[in-house]
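A quick write-up on the structure given underneath.
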Amino acid sequence: MDHAGEILILTGPPGSGKTTTAQKLAGEPGSSKVHLHCDDFWHFIKNGAIPPYLPEAREQNILVVDVLTKVAAAYAKGGYFVVVDGIVGPWFLEPFKKISAPLHYVVLRPPLDIAIRRCRERGGDNLTDPGPITELYRQLLSLGPLERHVLSTDGHSRDDTLSAVIEAVKSGSFRLRHNK
């Protein structure tokens, strides 16, 4: 898979398989790749962090996405295929659209009950409360013109999801912008 200088935003609700798929994708043969796990950018804030799904986190979230966008752009400019893995809804896309690199946008969508189950099975510091999981799921449920970027993962194995994402990138059918 050779997509040097391009960026893939791999998003979906918690429990959709974003990180698992991104890690596997970053290990695929082909061009050099970088996996940017969005959660890490929020976890860099050690004091005063606000859970990003809360309304009062708006300013914090804008700053974190700005930093994330700049890092992704720098890696892409350096010739890497950049996999951005996190909850990047349409409300966060504008800064990414300003990057000159080709930009792919794939929204993984499992059934809600599977997403909740996966989150609960992970445990630890991960989000396990069905309330916020359901709300984030709902926010990514109706994407209007971006609905064509949804990849239903219902009944997919991890390998099926990886193959579908690879095909989406190769075909260019999930690009937000065709500038290469």
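As the structure is a prediction and not an experimental result, all values here were calculated from the model.
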Show every donor-acceptor pair shorter than 3.5 Å between a side-chain atom in residues 38-57 and any protein atom, with sequence neighbours excluded, or say none if there are none.
residue : atom : partner : partner atom : Å
Asp40   : OD1  : His37   : ND1          : 3.3
Trp42   : NE1  : Asn61   : OD1          : 2.8
Lys46   : NZ   : His43   : O            : 3.0

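- Under a hydrophobic-cluster definition in which Ile, Leu, Val, Met, Phe, Trp and Tyr are linked whenever side-chain heavy atoms come within less than 4.5 Å, directly or via other members, Trp91 and Val64 are assigned to the same cluster.
- At least one side-chain heavy atom of Pro90 sits under 4.5 Å from a side-chain heavy atom of Leu143.
- Annotation: side chain of Val165 is in contact with side chain of Leu8 (closest heavy-atom distance under 4.5 Å).
- Using a 4.5 Å cut-off on side-chain heavy atoms (C-beta onward), Asp2 and Ser31 make contact.
- Counting only distance, with no hydrogens or angles, the side chain of Arg148 and the backbone of Ser173 share a donor-acceptor pair below 3.5 Å.
- None of Lys33, Arg175, Lys170, Lys77 except one satisfies the salt bridge (Lys or Arg N to Asp or Glu O under 4.0 Å) rule with Glu6; the exception is Arg175.
- Here the closest heavy-atom approach between residue Ala168 and residue Val106 is recorded as CB-CG2, 4.3 Å.
- Within the 4.5 Å cutoff, side-chain heavy atoms of Ile116 are placed close to those of Thr134.
- Note on Glu121 versus Arg118: no salt bridge recorded, every NZ/NE/NH1/NH2 to OD/OE distance being 4.0 Å or above.
- Arg120 is listed as a side-chain neighbour of Pro130, based on a closest heavy-atom distance under 4.5 Å.
- In this pair, Tyr75 and Tyr80 present their aromatic rings perpendicular. The plane angle is above 60°, beyond the 30 to 60° band.
- Both Leu140 and Leu93 are part of a single hydrophobic cluster, where members link through side-chain heavy atoms under 4.5 Å apart.
- A donor-acceptor distance shorter than 3.5 angstrom exists from the side chain of His149 to the backbone of Tyr105, with no hydrogens or angles considered.
- For Val88 against Thr11, the heavy-atom pair with the smallest separation is N-OG1, 2.8 Å.
- Using modelled atom types, one side-chain atom of Lys18 and one backbone atom of Gly12 make a donor-acceptor pair closer than 3.5 Å.
- Without hydrogens or angle criteria, Arg109 side chain to Leu141 main chain gives a donor-acceptor distance under 3.5 Å.
- Under 4.0 Å is where a charged nitrogen must lie from a carboxylate oxygen, and between Arg117 and Asp113 no such pair does.
- Closest of all the heavy-atom pairs between Ile7 and Ala76 is CG1-CB, 3.8 Å.
- Hydrophobic clustering of Ile, Leu, Val, Met, Phe, Trp and Tyr side chains at less than 4.5 Å, counting indirect connections, unites Ile87 with Val71.
- A distance of 11.5 Å separates OG of Ser16 from CG of Leu112, quoted to the nearest 0.5 Å.
- Listed here is the closest heavy atom pair of Asp154 and Pro111: OD1-CG, 3.4 Å.
- Side-chain atoms of Thr20 do not come within 3.5 Å of backbone N or O of Gly17 as any donor-acceptor pair.
- Interatomic distance, OG1 of Thr69 versus NZ of Lys97, reported as 12.5 Å (0.5 Å rounding).
- A donor and an acceptor atom, one from each side chain of Asp160 and Ser157, are located under 3.5 Å apart.
- Of all non-hydrogen atoms in Leu10 and Leu108, the two that sit nearest each other are CD1-CG, 3.9 Å.
- Rounded to the nearest 0.5 angstrom, Asp85 CG and Leu36 CG are separated by 9.0 Å.
- The closest side-chain heavy-atom distance from Leu146 to Leu176 is below 4.5 Å.
- Atom-to-atom distance recorded for His35:NE2 and Phe81:CZ is 11.5 Å, nearest 0.5 angstrom.
- With sequence neighbours left out, the side-chain hydrogen bond (donor to acceptor under 3.5 Å, both in side chains) criterion links Asp159 to Lys24.
- Every side-chain contact (heavy atoms from CB on, under 4.5 Å) that Ala115 has, sequence neighbours left out, goes to Pro110.
- For the pair Val84 and Phe96, the minimum side-chain heavy-atom distance is below 4.5 Å.
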Ring pair (Phe, Tyr, Trp, His ring centres under 6.0 Å) between His104 and Phe174, worked out:
CA-CA 5 Å; His104 305 267; Phe174 283 57; 9.1 Å; no
